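In what follows, a single structure is set out as C-alpha cells and then discussed.
These numbers were taken from a predicted model, which means no experiment stands behind them. Chain letters run A, B, ... following the sequence lines, proteins first, then strands; residues in each count from 1.
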Amino acid sequence: MKANDTLTMKAYDIQAMQQKWKQYWVEHDIYHVPNDSDKPKYYVLDMFPYPSGAGLHVGHPLGYIASDIFARYKQLKGFNVLHPMGFDAFGLPAEQYAIETGQHPETTTNNNIATFKKQLDNLGFNYDWKRQVSTCDPKYYKWTQWIFLQLFKSWYNIANNKAEPLETLIEKFEANGSTGVQAGGVDELPTFSAEEWQQKSAQEQADILMSCRLAFQSYATVNWCPALGTVLANDEVKDGFSERGGHPVERKKMRQWALRVTAFAERLLNDLDDLAWSDAMKEMQRNWIGRSEGASIFFQIADSEETFEIFTTRPDTIFGVSFMVLAPEHDLVKKITTTEQKEEIDAYLAYAGAKTDRERQQEKKVTGAFTGAYAIHPFTQEKVPIWISEYVLIGYGTGAIMAVPSDDERDEAFATKFNLPIIDIIDKSKYPGATQKDKLGIMINSDFVDGMEVPDAIKAVNQRLEEMGIGKGKVNFKIRDALYSRQRYWGEPFPIVYDENGTPQAISESELPLTLPPVESFKPSGTGEAPLARVTDWVNTAEGKRETDTMPGFAGSSWYFLRYMDPDNEDNFVDPKVEQYWQNVDLYIGGTEHAVGHLIYSRMWHKFLYDRGWVSTNEPFKRLVNQGMIQGRSSFAYRIKNTNQFVSYNLRKDYEVSRLHVPVSMVKNDVLDTEAFKQFRADYADATFILEDGKYVCGAEIEKMSKSKYNVVNPDDIVAKYGTDCLRLFEMFLGPLEHGKPWNTDGIEGVSRFLKKCWNLFSIDESDKAQVSDAAPSAKELKAIHKTIKKVSEDIERLSFNTCVSAFMECVNELNSLKSKNKTVLRDLTLLMAPFAPFITEEFWQSLGESGSVHLASFPTYNPEYIKESTKTYPVQINGKVRAKIELPVDLKREDAEAIILAHQKVVKWVEGKNIRKFIFVPGKIINIVV
RNA sequence: GCCCAGAUGGCGGAAUUGGUAGACGCGCUGGUCUCAAACACCAGUGGGAGCGAUCCCGUGCCGGUUCGACCCCGGCUCUGGGUACCA
C-alpha cells in the first residue's frame with residue numbers, strides 16, 4: 001500500500017495483544033453470566049476433564065474450542081449464554097499416584113487443576129470462572145451425597161411410572177401389604193398382607209425395603225486380586241492377571257451398593273426419540289439398554305426340588321431344546337454337580353474364573369463342562385443335560401439359558417463340539433434369507449405349536465407356560481443396575497452408617513457433607529475393604545459403623561451440569577428459580593467414549609430428580625455432539641544396529657536398523673533437526689547421520705498421543721509461538737469436529753499466514769486506527785462478504801467449523817484481489833471471525849472506531865439480494881460424462897435449455913448422428929444427455 | 001466376540017438433499033525480490049497419454065441399483081471408540 005508508506009503501521013504483536021485484551025476482559029468482567037436476564041437462555045456444555053498429571057495436550061481443547069465458538073456465536077445472536085467449566089476430580093490415577101508416592105490425592109489433584117486452569121486460560125475461553133465446580137470439593141460432593149441419600153430413600157412406583165419417596169411404599173405395605181405393589185427394577189416382591197408386614201421384624205422390613213430402594217445393596221461379582229488385596233477394574237486385568245504386578249485375579253461375589261438404573265430402562269429407551277443426538281449415539285444407547293421381548297421359564301431339576309429360571313427371546317423354540325447352559329457363577333452349579341463330574345466342573349470354574357466377561361465374550365473357542373445334572377423339559381418331560389459355559393454371562397438375564405442348537409449359532413457350535421442333539425423345529429423355506437432375529441418360519445417337530453407361524457407360536461407357548469404356572473412372557477433388558485461401590489479412598493464417602501443389626505441407615509442430611517478423613521496409607525486394606533476401613537476413629541460413630549466404600553467416578557459427573565447454574569448455593573443443589581431459568585443443556589459437546597456410561601447415568605439421575613420434582617426437565621442434554629479424538633503423529637529415526645549412526649528414512653532398507661521415536665518438536669515436514677536431536681540425550685551427542693538430499697528424513701505413524709512416544713504437543717507451546725487465535729483456528733481447520741484425526745503442527749503455517757493477511761488488510765496505524773475506506777461497498781465487495789456471512793452462519797449452526805475457516809480464507813483472498821479496504825465489509829468480517837479468533841478481532845473492532853468489546857456486539861445477517869447470480873455454468877454430460885460447460889441464465893426453462901444445448905458446437909460433436917434417448921435437465925445443477 | 005463410527009491427491013480435508021470429485025490449507029516445483037537466505041508475492045500441482053485441442057483412469061476392496069453413486073443397497077478388508085471398577 002503505497003499510500004500508507006508515510007504512516008508507521010502497528011506491528012502484529014500477538015503476545016502484547018493477548019495480554020491487553022485478557023486484561024480488558026477481566027477489568028470489564030465481560031464473561032459474567034447473570035442468572036436473571038431478559039434474554040433467552042442458552043446452555044452450552046463441555047464434558048469436564050479429569051485433571052491428569054500430564055496436563056492438557058492439543059487433543060483436549062478441540063471440543064472446548066468448538067463449544068466456545070458456539071457459545072460466543074449465541075451470545076452475539078442475543079442469548080444469555082451459560083458456558084461453564086469444571087473438573088471431574090475424583091479418580092483412580094490420583095489414587096494410584098498416591099499409593100506410589102505417598103502424596104495425598106487432594107494435593108496432586110489441586111495442583112493438576114491449577115495447571116489445567118492455567119492452560120485453559122491460555123486458550124481464550126469465555127468461561128465465567130466464578131461458576132467452576134470440582135467434584136472432589138466437599139461443597140460440591142455434599143450434594144452428590146445428598147442426591148445419593150434421596151435415591152436411597154426412594155423407590156420406583158410402576159403404577160405411576162415414577163420414582164417416589166419410600167414413605168409411599170411403606171404406606172402401601174401398611175395398608176394392603178405387597179398386594180398390587182409393583183416396584184420398578186425389582187424382579188419379585190415377596191407376597192405378604194398388611195398384618196404380615198406389621199408382624200415382620202425390623203430386620204425383615206429393612207431387607208424388603210432395601211430390595212426396593214433406588215440406591216440399594218446386593219451381591220455382585222467383581223475382579224478380586226488377593227495379592228494386591230483389592231478389587232480391580234476390567235482395564236486392570238489382562239488374561240486373568242493384574243496388569244500391575246501380574247498377580248492372579250479371581251471372580252468374587254461381594255456386597256456392593258448399586259443404583260437401580262433398570263427401573264428407568266423403558267423411559268431411557270423411549271425418550272431417546274426426542275433428543276437431537278446423532279443416530280449412532282442413540283443406537284449405541286438403545287443397544288446398551290437392550291430391550292428384548294421373550295419369556296421367563298422355570299425348569300425343574302431332575303431328582304431334586306430345585307428349579308431355575310431362564311430367559312429366552314424365543315419361547316417358541318422350546319421343543320428344540322437339547323441342553324441347558326448355566327453361567328459358571330450360577331448359584332446352582334455347586335449344588336447340582338454330581339460327584340463324577342466335580343473334577344471336570346472345578347477345572348472349568350478355575351479356567352473361567354480367571355477371565356473377565358469381556359475376555360469370555362471374545363473367546364472364539366467353544367468351551368464348557370457337564371454338571372452331571374439334568375433338567376426336566378416342561379412339555380415333553382424328557383431329561384435335558386445341564387452344562388456350564390463362559391458364553392452364558394451371570395450378569396445378563398438370569399445367567400441361565402435353554403439351548404436350541406437348531407436356531408442359535410452359539411448353541412449350535414456348542415452342540416457340535418460336545419456331540420449334543422440338534423432338533424430342527426422351524427421350517428424357514430418360506431422365508432429365504434431370514435435370520436434368527438427375524439423370528440420367521442413355520443414350526444415343525446413341536447407338538448402343540450406344529451404348523452404355526454413363529455409369532456403365533458410365541459404367544460401359544462407363553463400362554464401354556466402361564467397356565468402351567470412355570471413361566472410367562474417377559475421383557476428383559478440387557479442394561480444392568482449400576483455398581484456404585486468402590487473399594488477406594490479417592491471418592492465421595494457414603495452418608496451411611498450400619499446400625500447394630502448391620503442395617504445401613506442414612507445419616508442426617510444436616511451432617512452433610514460427610515468429608516473424607518485423612519489416612520495414613522492409601523494402599524488397599526488387603527481384606528477387600530477400602531482404605532477408609534483402617535481409619536477406625538472415623539469408622540466408629542455413636543450411630544454405628546460408617547460405610548467405608550466410596551462412590552464411583554460417575555457419581556459426581558452425573559449431575560455437575562446442574563451445579564454450574566448455582567454453584568455457591570448452600571441450601572440446595574440448585575435454587576429452583578435458577579433451575580427453571582436454565583432448565584437443561586442445549587448443546588453438549590464431548591467424546592464418544594462416554595456414549596453409554598456417563599450419558600446413561602446422567603439421564604437416569606436427571607429423570608430421578610425430575611420425578612421427585614427437583615428439576616423441571618425430563619432429559620439433561622437436548623443436543624449432543626461428539627468430537628473426534630485427536631491422535632498423535634509419531635516421528636521415527638532409524639539407528640543402524642550396534643552403532644550410533646542414523647540413516648534417513650528412504651535409505652533405511654540398505655541397513656539393519658532399529659526404529660526409535662524422536663520428539664515431534666525436533667521434526668518439521670518430516671525433516672529432523674539433527675543438532676537438536678544430538679542435544680536431546682547424552683548418548684546421542686556424538687550421533688552421525690546418513691542423509692538423503694542433504695536432509696535427515698523421518699518416518700511417521702499415527703498413534704495415541706503419549707509421553708513415551710514423544711508425540712505429545714502442548715498447546716502452551718503453540719500459543720507461545722503462534723498465538724491463541726491461530727491455535728483455535730487451526731484446531732478447527734483440521735477437519736470435521738466429529739472425526740478423529742491426527743495432529744500435525746506443520747499445517748499451522750497456513751492459518752498463521754492467513755491471520756497476518758487479515759492484519760495487513762486492516763492497516764492499523766500506531767494510534768490504533770485502521771486505514772480503511774468509508775465509501776459505500778461495491779457490488780463485488782458486498783457479494784464477497786454476504787456470501788461469507790451466509791456460509792459461516794449456516795456452518796456454525798451445524799458445527800462445521802473447518803469450512804468456516806475456509807470461508808474466511810476465501811473471503812480475505814477475494815477482498816485482497818479486489819484491493820478492498822472497505823470499512824462496512826471489514827466490520828462484518830470482524831464480527832464473523834470474533835467467535836473463532838477472540839483476540840485479533842477485538843483489535844480490529846477497536847481499530848474501526850467501535851466501542852466496547854466485539855464479543856458483546858451483534859452477529860451480522862446476510863442480504864440475499866447481494867449474492868444473487870443471474871447465470872449458471874452448467875456441466876453438460878453425455879452418457880454421464882462431463883463433455884462441456886455452458887453458461888445459461890438461471891431461470892431458463894427446460895425447453896429453451898434443450899434447444900440451446902443441443903445446438904451448442906461442443907455438444908453437437910458428441911450427439912451428431914446419434915439418437916437422443918433422454919434429455920435430463922436439473923435446474924441449477926446439471927444437464928445430462930443420454931444417446 | 002458384540003455394538004457404533006470412519007476410509008477421498010504426498011498430507012489435513014471439501015463436495016449440506018443422488019447432480020462438475022479434489023474447495024481451503026500444508027507440502028512440493030518453477031519464478032519475482034535479495035549479495036545470499038528468510039519473509040512476502042506470482043504461477044503450477046490427482047495419475048497416465050499427447051506439441052496441442054483433447055482423451056483414458058481415479059473417492060479402501062468386490063458386486064448391484066440409477067440417465068448419473070464419495071453419497072443408496074449387498075458382501076468384505078483395515079483403522080478408531082465402547083464393552084458396565086480408566087476417565
Determine the contact category for A:His598: base if any of its heavy atoms lies under 4.0 Å from a base atom, sugar-phosphate if only primed atoms, P, OP1 or OP2 are that close, otherwise nothing.
-> nothing

Considering only the P atoms, how many Å lie between B:rA87 and B:rC71, rounded to the nearest integer?
-> 41 Å

Between A:Gly553 and A:Arg480, which has a closest nucleotide on RNA chain B that is more 5'?
-> A:Arg480

Do side-chain atoms of A:Ser242 reach the backbone of A:Val237 as a donor and acceptor pair under 3.5 angstrom?
-> no

Which residue pairs pass the salt bridge (Lys or Arg N to Asp or Glu O under 4.0 Å) test when at least one of the two sits in residues 726-740 of chain A, sequence neighbours left out?
-> A:Asp68-A:Arg728

Spacing of the P atoms in B:rU45 and B:rU54 (rounded, Å) | 15 Å

Does A:Arg753 have a side-chain nitrogen or oxygen under 4.0 Å from the phosphate oxygens OP1 or OP2 of B:rC26?
-> yes

Base, sugar-phosphate alone, or nothing: which one does A:Glu243 contact when heavy atoms must sit under 4.0 Å apart?
-> nothing

Might you confirm whether atom CZ of A:Phe522 has over 12 heavy atoms from other residues, nucleotides or ligands at distances under 6.0 Å?
-> yes

Using a cut-off of 4.0 Å on non-hydrogen atoms, how would the nucleic acid contact of A:Lys365 be classed: base, sugar-phosphate, or nothing?
-> nothing

Do the side chain of A:Gln877 and the main chain of A:Asn879 share a donor and acceptor less than 3.5 angstrom apart?
-> no

Proximity to the side chain of A:Arg358 - top-ranked nucleotide from B:rA87, B:rA84, B:rG1 | B:rA84

Stem regions touching RNA chain B, defined by at least 3 consecutive Watson-Crick or wobble G-U pairs below 3.5 angstrom | B:1-7 with B:77-83, B:10-12 with B:24-26, B:27-32 with B:40-45, B:46-49 with B:54-57, B:60-64 with B:72-76

Atom CD of A:Glu738 and atom C1' of B:rG81 are separated, to the nearest Å, by 15 Å

Among all residues two or more places apart in sequence or in another chain, which pass the side-chain contact (heavy atoms from CB on, under 4.5 Å) test with A:Lys364?
-> none

Please report, rounded to the nearest Å, how far the C1' atom of B:rG10 is from the CD atom of A:Glu692.
-> 14 Å

For atom P, what is the distance between B:rA5 and B:rC72, given to the nearest Å?
-> 12 Å

For A:Ala595, report the nucleic acid contact type (base, sugar-phosphate, nothing); a contact means any heavy atom under 4.0 Å.
-> nothing

Can you name the residues that form a side-chain hydrogen bond (donor to acceptor under 3.5 Å, both in side chains) with A:Gln487, not counting sequence neighbours?
-> A:Asp549

Can you sort out the partners of A:Lys906 under side-chain contact (heavy atoms from CB on, under 4.5 Å), two or more places apart, ordered by chain and number?
-> A:Ala884, A:His904

Report the distance from atom CD1 of A:Ile878 to atom P of B:rU20, rounded to the nearest whole Å.
-> 16 Å

Please measure how far the P atom in B:rC41 lies from the corresponding atom in B:rG50, and state the result in whole Å.
-> 36 Å

Any donor-acceptor N/O pair, A:Ser485 side chain to A:Gln256 backbone, under 3.5 Å = no

How would you label the glycosidic angle of B:rG9: syn (within 90° of 0) or anti?
-> syn

Euclidean distance for P, B:rC86 against B:rG13 (whole angstrom) = 30 Å

Checking all strands, does A:Glu236 fall into the base, sugar-phosphate, or nothing category for heavy-atom contacts under 4.0 angstrom?
-> nothing

Scan A:Gln362 against the nucleic acid and name what it touches under 4.0 Å (heavy atoms): base, sugar-phosphate only, or nothing.
-> base

With A:Asn816, which residues qualify under side-chain hydrogen bond (donor to acceptor under 3.5 Å, both in side chains), at least two apart?
-> none

What's the closest nucleotide to the A:Asn813 side chain, out of B:rC24, B:rC26, B:rA87?
-> B:rC24

Mind checking A:Gly91 for me? I need base, sugar-phosphate or nothing, with any heavy atom below 4.0 Å counting as a touch.
-> sugar-phosphate

Applying side-chain contact (heavy atoms from CB on, under 4.5 Å) to A:Pro49 and not counting sequence neighbours gives A:Tyr64, A:Met85, A:Phe87, A:Phe116

Send over the distance from A:Lys282 NZ to B:rC4 P, rounded to a whole Å.
-> 15 Å

Here the distance between atom C1' of B:rC86 and atom CZ of A:Phe90, to the nearest Å, is 17 Å

Considering only NZ, NE, NH1 and NH2 on the basic side and carboxylate oxygens on the acidic side, decide whether A:Lys355 and A:Glu329 come within less than 4.0 Å.
-> no

For atom P, what is the distance between B:rG47 and B:rG22, given to the nearest Å?
-> 14 Å

Counting any heavy atom closer than 4.0 Å, what does A:Ser278 reach on the DNA or RNA strands: base, sugar-phosphate only, or nothing?
-> nothing

Spell out protein contact along nucleotides 11-19 of chain B as letters: B when the base is contacted, S when just the sugar-phosphate is, - when no protein heavy atom is under 4.0 Å; keep the 5' to 3' order.
-> -BSSSB--B

A:Leu269 atom CG is separated from B:rC3 atom P, nearest whole Å, by 17 Å

Sugar-phosphate only, base, or nothing, as touched by A:Ile479 at under 4.0 Å among non-hydrogen atoms = base

Distance in angstrom units between A:Glu887 CD and B:rU20 P, rounded = 17 Å

Write down the distance separating the P atoms in B:rG64 and B:rC70, rounded off to the nearest Å.
-> 15 Å

Listed by chain and number, what are the ring pair (Phe, Tyr, Trp, His ring centres under 6.0 Å) partners of A:Phe264, not counting sequence neighbours?
-> A:Tyr156

Reading nucleotides 51-64 of chain B from 5' to 3' and marking B where a protein heavy atom lies under 4.0 Å of the base, S where only the sugar-phosphate is that close, and - otherwise, the string is ----SSS-------

Nearest-angstrom distance, P atom, B:rU77 to B:rG10 = 26 Å

Within less than 4.0 Å of OP1 or OP2 of B:rC67, is there a side-chain N or O belonging to A:Arg917?
-> no

Residues forming a side-chain contact (heavy atoms from CB on, under 4.5 Å) with A:Lys238, sequence neighbours excluded = A:Glu243

Starting at CE of A:Met284 and ending at C1' of B:rG80, how long is that distance when rounded to a whole Å?
-> 12 Å

Per nearest nucleotide of RNA chain B, the residue lying toward the 5' end, A:Asn669 or A:Pro875, is A:Pro875

N/O donor-acceptor pairs under 3.5 Å from side chains in residues 801-811 of chain A, not counting sequence neighbours:
| residue | atom | partner | partner atom | Å |
| --- | --- | --- | --- | --- |
| A:Asn802 | OD1 | A:Ser800 | OG | 3.4 |
| A:Thr803 | OG1 | A:Asp795 | OD2 | 2.7 |
| A:Thr803 | OG1 | A:Ser800 | O | 3.0 |
| A:Thr803 | OG1 | A:Ser800 | OG | 2.6 |
| A:Ser806 | OG | A:Asn802 | O | 3.4 |

